[in-house]
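Structure first, commentary second.
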Amino acid sequence: MTIATAVDGYLRHVAVERGLAANTVAAYRRDLGLYTAWLAGQPDADLADAPARPITNLRAITRHHVSAFVQYLGLRPESPLTAASIARILSTVRGFHRFLLGEGLVETDVAHDSKPPKLVLRLPKAISIEQVAALLAATDGDDVQRLRDKALLELLYATGARVSEVVDLNVDDVRLEDFDSVRLTGKGDKQRIVPVGSFARAAVSDYLVRARPMLSARGRSTPALFLGLRGQRVSRQNAWLIIRAAAERAGLTVPVSPHTLRHSFATHLLAGGADVRVVQELLGHSSVATTQIYTLVTADTLRDMYTLSHPRAR
């Protein structure tokens, strides 16, 4: 079996048997495309850490090749990758080799002992409650675009949803008569119910009644909740541009992205006394360890407040 055929088999496996989302499978395909191209001696066959000759046989891959590939990722002359990107790609490669062993296509898992570079702990970049309020206020207005933007940003902050989860919503997912929660579909098609506060409910209601019918008339019929100016479903990229424009109008000097609202949602809940496992469920994290990083953000805030306020703190 060729390496390319094995890759196709692995991607079918993660898509069908493990039920991974299409975006995740696409990321795996990109990672393994980089790996197999390197094994074939492309695009930098003259590098000292590239294979001496093209590797086309699954059984010819050794631990040395996997280790050398990791080194190559950090030394690429055109664009060295960060430690986080290398760790993600290596995770894909390790999953691929586990699959090969499990299918009996190889006798050993040559990637089992491969270690990613040490990651620097980076705390999520949340903004303050006052900055969120300024961002949301920057979407005030009665025209269809501002009504749409207000509903989008209010819903992102109210639910802590990933931007893909919100732009994938359809009108039928939001019933105004009992709109106190929303069903979100996260990674691996896992669904969760998240409460929606009064500000977001009002913003979405205004948008549905006063703006969406006008936007819908500009394009083909679509069930999408959030529509662009031409009547099509708002994309993740569109959402990012909407938030960036609102941040500029609000005069925010810190970078703001859709994920900033998700980070801020989690941080503000924990600072307000919410249990970390509740926040885990709201965010759709499979492990509480992923959520616990937000407690570090809250601890930093408390430490700063203590330092500024306590007469014997300094």
Side-chain angles (χ1 to χ4, degrees), residues 1-122 162-164 186-189 235-237 240 257 259 286-287 289-290 293:
M1 178 182 291
T2 66
I3 294 177
T5 302
V7 168
D8 288 340
Y10 175 63
L11 294 175
R12 285 195 301 271
H13 165 74
V14 297
V16 177
E17 296 188 28
R18 291 178 53 190
L20 296 187
N23 287 339
T24 304
V25 175
Y28 281 19
R29 185 181 299 278
R30 289 192 298 270
D31 293 344
L32 292 175
L34 185 61
Y35 181 50
T36 55
W38 181 85
L39 288 172
Q42 303 169 8
D44 297 302
D46 57 332
L47 286 181
D49 58 355
R53 61 182 181 275
I55 303 297
T56 58
N57 189 312
L58 290 171
R59 295 176 182 269
I61 305 174
T62 67
R63 289 181 173 85
H64 167 74
H65 290 126
V66 179
S67 298
F69 174 65
V70 173
Q71 293 177 358
Y72 155 76
L73 293 175
L75 297 173
R76 296 196 312 169
E78 71 279 13
S79 56
L81 298 181
T82 64
S85 295
I86 294 172
R88 189 204 71 241
I89 294 172
L90 179 58
S91 176
T92 302
V93 170
R94 292 182 65 176
F96 173 59
H97 281 285
R98 283 196 302 271
F99 168 79
L100 296 180
L101 181 63
E103 292 295 305
L105 299 174
V106 296
E107 296 178 354
T108 59
D109 179 357
V110 298
H112 176 72
D113 295 327
S114 298
K115 303 295 183 184
K118 186 175 181 180
L119 296 177
V120 177
L121 178 61
R122 295 183 178 179
R162 302 175 180 92
V163 66
S164 59
K187 294 182 178 181
D189 289 332
S235 67
R236 289 181 297 171
Q237 291 77 13
W240 188 89
S257 70
H259 230 61
S286 58
S287 170
T290 308
I293 190 171

Check: [Y] and [X] side chains under 4.5 Å, non-hydrogen atoms:
X	Y	answer
V66	H97	yes
R236	N23	yes
Y35	V7	no
I89	V70	no

Looking only at heavy atoms, what is the nearest atom pair of [X] and [Y], with distance?
X	Y	answer
F96	L58	CZ-CD2, 4.3 Å
R18	Y10	NH1-OH, 3.9 Å
R59	E107	NH1-CG, 3.4 Å
I61	I55	CG1-CG2, 3.8 Å

Look up atom [atom1] in [X] and atom [atom2] in [Y], then write down how far apart they are to the nearest 0.5 Å.
X	Y	atom1	atom2	answer
R162	H259	CZ	NE2	7.0 Å
R88	L90	CZ	CG	11.0 Å
N57	T2	CG	OG1	10.0 Å
Y72	I86	OH	CD1	11.0 Å
T36	D31	OG1	CG	10.5 Å

Quiz item: After noting the C-alpha distance and the side-chain angles of D8 and R29, does the key distance pass the side chain to side chain contact (heavy atoms under 4.5 Å, CB included) rule?
Solution: CA-CA 9 Å; D8 288 340; R29 185 181 299 278; 4.0 Å; yes
Exercise. Please step through side chain to side chain contact (heavy atoms under 4.5 Å, CB included) for the pair L105 and M1, ending with a clear verdict.
Key: CA-CA 8 Å; L105 299 174; M1 178 182 291; 3.8 Å; yes
Quiz item: Any donor and acceptor pair, going by atom type alone, linking the side chain of R63 with main-chain N or O of A111 inside 3.5 Å?
Solution: no
Exercise. Tell me, with the steps shown, if Y28 and L11 meet side chain to side chain contact (heavy atoms under 4.5 Å, CB included).
Key: CA-CA 7 Å; Y28 281 19; L11 294 175; 3.8 Å; yes
Quiz item: Taking atom types as modelled and ignoring hydrogens, do the side chains of S67 and H64 form a donor-acceptor contact shorter than 3.5 angstrom?
Solution: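 Absent: no donor and acceptor within the cut-off.
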Self-check item: side-chain contact (heavy atoms from CB on, under 4.5 Å) partner of T92, chosen from L32, V14, L34
Solution: L32
